[in-house]
Amino acid sequence: MHFEEKILTVRTDPLHATGIDILQVNMGYRCNMACKHCHVQAGPAREEMMDIRTVEEVLVVLNENRVKTLDVTGGAPELNPFFRYLVEEARHAGCRVIARSNLTIFYEPGMEDLFDFYSRNSVELIASIPYYREADVDKVRGNGAFRKSIDALRQLNRMGYGADKALNLVHNPTGAFLPPSQSAMEKEYREDLKRNYDISFHSLYTFANIPIGRFREFLIRSKNYDKYLRKLTDAFNPETLQGIMCRHLVNVGWDGTLYDCDFNQMIGLALLDRYPRNIRDFDHHLLAGRQIAVDDHCYGCTAGQGST
Ligand code: SF4
């Protein structure tokens, strides 16, 4: 059964947003890594990057002060030359700023002061580290990725991240299976990272891999696509519908196009026709109660304990 129909078996109406707590901005698809399961298919050769005009349009929306949180993502958002300007201006506008970091970015040329920049601007970090064992991380991210991530986490801890500054981690499974219980996995990460590396963090989020991008290609190549989708549909949990991110945020693509979430952005599934399509036409009232554009990849957000 398609996701759209499935929703109507547990609700009387299609999915709608319940407000806009967060403006999630994708600054571009360039990244210093090319992880095997990246839903963005990001990498060093990607050229899509948000320009200054679009950044200014994002700031116009934030300065209206009705959306209180900016969530910056990519690729590696830090590689966008206007990233720091956006963060600083958003902080001046009184916004809470969250950045999604891959941790290895701290060791790229030109990023020497990134730790200080984040700390100075009280940016909250959501850092992805697929697992707490070196071999598993390097298999997905490339040799040396785990060591750099550990070094970055230690340095962040020294600066107060994981204590008075927010540091949350993200775990994705490395294959065609659902993530284990978030609380059990958080306990494992916490104990292992503390014991072996003296690292602290606040919370761990476990996300199912959404079957799009490189992960979809991997599933098709390994003949696991149908099986994985069946796993997701069988695990559909209506209780996750309240918390899925599309109901609480608007996502902005690198070119200013608006989406219901970053996953929809990656498959080019725009907002439904009756809503503004670009950040320059942002209309808080219309967007806060909009109907969400869904498709079968949405089963990835609603399987088991949910993924957003
Ligand atoms: S992929 Fe997830 S967050 Fe995006 S529209 Fe579907 S259910 Fe919502």
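Order of appearance sets the numbers: ligands from 1, and atoms from 1 within every ligand. What you see is a predicted model, and the numbers here were worked out from it, not measured in a lab.
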Exercise for the section: Could you see which bit of Asn264 sits under 4.0 Å from ligand 1, with heavy atoms only: side chain, backbone, both or neither? Expected result: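 Asn264 to ligand 1: side-chain contact only, backbone stays beyond 4.0 Å.
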
Problem - Which segment of His297 sits under 4.0 Å of ligand 1 when only heavy atoms are counted - result: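 For His297, the contact with ligand 1 is made by the side chain alone.
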
Contact atoms of ligand 1, heavy-atom distance to [X] under 4.0 Å:
| X | result |
| --- | --- |
| Cys261 | 1 (S), 3 (S), 4 (Fe), 5 (S) |
| Met245 | 3 (S) |
| Ile292 | 5 (S) |

Practice task
Tell me, please, if Cys246 has any N/O/S atom, main chain or side chain, under 2.8 Å from atom 6 (Fe) of ligand 1?
Solution key: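 Looking at Cys246, which is the residue asked about, there is no N, O or S atom under 2.8 Å from atom 6 (Fe) of ligand 1.
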
Exercise for the section: Answer yes or no: is there a side-chain heavy-atom contact under 4.5 Å between Asn157 and Phe201? Expected result: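 A side-chain contact under 4.5 Å is absent here.
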
Exercise for the section: Measure from the side-chain N and O atoms of Arg190 to the backbone N and O of Lys187, and report whether any donor-acceptor pair falls under 3.5 Å. Expected result: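 No; judged by distance alone, with no hydrogens or angles, the pair does not exist.
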
Exercise for the section: Keeping the roles fixed (side chain from Asp281, backbone from Pro276), state whether a donor-acceptor pair exists under 3.5 Å. Expected result: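 It does not hold such a pair.
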
Handout entry: Any Val294 heavy atom less than 4.0 Å from ligand 1
Key =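 It does not, in that no heavy atom of Val294 comes within the 4.0 Å cut-off of ligand 1.
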
Exercise for the section: Measure from atom 2 (Fe) of ligand 1 to each N, O or S atom of Cys301 and report whether any distance is below 2.8 Å. Expected result: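 Given the 2.8 Å cut-off, Cys301 counts as a ligand of atom 2 (Fe) of ligand 1.
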
Polar contact flag, side-chain donor to acceptor under 3.5 angstrom, [X]-[Y]:
| X | Y | result |
| --- | --- | --- |
| Lys165 | Ser122 | no |
| Gln182 | Tyr205 | no |
| Gln291 | Arg274 | yes |

Problem - Pi-cation contact, Tyr225 with Arg216 (under 6.0 Å, within 45°) - result: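 Judged by the rule (NZ or CZ under 6.0 Å from the ring centre, within 45° of its axis), Arg216 counts as positioned above Tyr225.
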
Practice task
Only heavy atoms count here, so choose which of Cys298, Ala17, Gly300 is nearest to atom 6 (Fe) of ligand 1.
Solution key: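 When every heavy atom of Cys298, Ala17, Gly300 is considered, Cys298 comes closest to atom 6 (Fe) of ligand 1.
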
